Amino acid sequence: MEQKNITPFRYAFPKTVPVMVGYLFLGAAYGILMSVNGFGVWWTLAVSVLVFAGSLQYLGVTMLASAVNPVTAFFMSLMLNARHLFYGLSMLGKYGRVKKWKPYLIFGLTDETFSVVCQDEPPEDLDRDQVYLWITLLNQAYWVGGSVLGAVAGKFITFDTTGLDFALTALFVVIMTDQWKQKEGHIPALTGVLSSVVCLAVLGADRFILPAMALIFAALGVRYKKSGMDSL
């Protein structure tokens with residue numbers, strides 16, 4: 001069925017519905033964790049608006065509650081979000097042509113937003129800048145709304161929150177499974193898993209992330225260079 005007179009918002013919204021379901025739950029879980037650790041609704045709102053990094057925000061609850069040294073917090077945040085360097089490189093083709101809102105699109109490039117944008121090709125008659133803006137803005141709105149609801153609910157609900165932060169890891173697994181099914185070649189995914197397992201076994205859970213990223217980058221770089229030479 002041909003779509004006529006569709007706006008960037010109406011095109012973007014259905015793309016974000018799966019993210020909405022996950023973000024409302026994960027955001028609420030984060031808000032509850034903030035609440036049970038003594039941080040009010042305004043703290044939760046401010047962090048979700050200004051930071052907007054799911055896994056880092058979950059880690060941030062612990063860092064805020066235990067008053068971690070700012071330098072230590074900086075390097076932990078860098079290690080946790082080092083994967084965004086790879087997201088940024090792979091989005092140069094799409095975001096490189098963006099004329100408006102580029103700083104916000106870069107800021108809002110979460111794992112889930114990346115998975116939606118990188119696979120989507122908007123119709124030529126739509127403003128791509130606005131499509132990407134709505135996808136990013138809607139996803140952040142879901143996260144902020146869920147976290148605020150969780151922070152409010154956390155004031156009235158008391159229960160054991162052990163394991164609640166694993167919800168974000170579960171969402172990553174779901175996204176990877178979906179991408180595994182959609183892609184024919186699995187070499188990049190297997191490279192990532194194998195590199196992570198090796199570095200985890202050798203270096204331990206506290207120091208494996210950056211070396212694993214470097215190993216993945218080197219392996220994929222060699223493969224890309226080899227495939228380029230084979231096509232000559």
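Keep in mind it's a predicted model, so treat the numbers as computed, not measured.
- Considering only residues two or more places apart in sequence or on other chains, Tyr142 meets the side chain to side chain donor-acceptor pair (under 3.5 Å) condition with Thr16.
- Clustering ILVMFWY residues whenever any of their side-chain heavy atoms sit less than 4.5 angstrom apart, transitively, puts Val49 in the very cluster that holds Val41.
- Between Leu50 atom CG and Leu45 atom CG the span is 8.5 Å, to the nearest 0.5 Å.
- Residues Met91 and Leu105 are not in side-chain contact: their nearest non-hydrogen atoms beyond the backbone lie 4.5 Å or more apart.
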Exercise for review: Apply the test side-chain contact (heavy atoms from CB on, under 4.5 Å) to residues Val51 and Leu56: give CA-CA distance (whole Å), side-chain angles for both, the deciding distance (0.1 Å), then the verdict.
Suggested key: CA-CA 8 Å; Val51 178; Leu56 177 58; 4.2 Å; yes
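- One finds the CG atom of Asp111 at 6.5 Å from the OG atom of Ser55 (value rounded to the nearest 0.5 Å).
- Every residue meeting the side chain to side chain donor-acceptor pair (under 3.5 Å) condition with Thr113, not counting sequence neighbours, appears here in chain and number order: Thr110, Asn139.
- The nearest pair of heavy atoms linking Gly154 to Ser35 is C-OG, 3.3 Å.
- Ile106 and Leu138 sit in two unconnected hydrophobic clusters of ILVMFWY residues. Membership requires side-chain heavy atoms under 4.5 Å apart, directly or through other members.
- Val148 and Thr44 get closest at one heavy-atom pair: N-CG2, 4.4 Å.
- Minimum interatomic distance between Pro122 and Arg128 (heavy atoms only, all atoms of both residues): O-NH2, 3.5 Å.
- A distance-only check finds a donor-acceptor pair linking the side chain of Ser115 to the backbone of Glu112 [under 3.5 Å].
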Practice item. Before giving the answer on side-chain contact (heavy atoms from CB on, under 4.5 Å), spell out for Lys100 and Gln130 the whole-Å C-alpha distance, their side-chain angles and the decisive distance to 0.1 Å. Key: CA-CA 8 Å; Lys100 299 178 181 179; Gln130 290 192 31; 5.9 Å; no
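- Minimum interatomic distance between Leu109 and Tyr95 (heavy atoms only, all atoms of both residues): CD1-OH, 4.0 Å.
- Closest non-hydrogen pair, Leu126 versus Thr7, comes out as CD2-C, 4.1 Å.
- Taken from CG in Leu137 to CG in Leu133, the straight-line distance is 5.5 Å, to the nearest 0.5 Å.
- A 6.0 Å sphere centred on CH2 of Trp43 holds no more than 12 heavy atoms belonging to other residues, nucleotides or ligands.
- For Asp129 (side chain) and Val98 (main-chain N/O), no donor-acceptor pair under 3.5 Å exists by modelled atom type.
- Classification of the Phe52-Trp143 ring pair by plane angle, with boundaries at 30° and 60°, yields tilted.
- In this structure, CG in Asp127 is found 10.5 Å from OH in Tyr132, a value given to the nearest 0.5 Å.
- Linking ILVMFWY side-chain heavy atoms closer than 4.5 Å, directly or via other members, places Leu149 and Val17 in two distinct hydrophobic clusters.
- To the nearest 0.5 Å, atom OG of residue Ser147 and atom OH of residue Tyr23 are 11.5 Å apart.
- Both Tyr104 and Val116 are assigned to one and the same hydrophobic cluster, defined by single-linkage of ILVMFWY side chains at heavy-atom distances under 4.5 Å.
- A donor-acceptor contact shorter than 3.5 Å links the side chain of Lys94 to the backbone of Val117.
- With rounding to the nearest 0.5 angstrom, the CZ atom of Arg97 is 10.5 Å from the NZ atom of Lys102.
- At distances below 3.5 Å, not a single donor-acceptor pair connects side-chain atoms of Gln140 with backbone N or O atoms of Thr136.
- Residues satisfying the ring pair (Phe, Tyr, Trp, His ring centres under 6.0 Å) criterion with Trp134, sequence neighbours excluded, are Phe9.
- Contact record, Arg10 with Pro14: O-CD, 3.0 Å, taken as the closest heavy-atom pair.
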**Study point:** Tyr11 and Asp120: CA distance, side-chain angles, deciding distance, side-chain contact (heavy atoms from CB on, under 4.5 Å) verdict
**Key:** CA-CA 11 Å; Tyr11 176 84; Asp120 187 62; 2.8 Å; yes
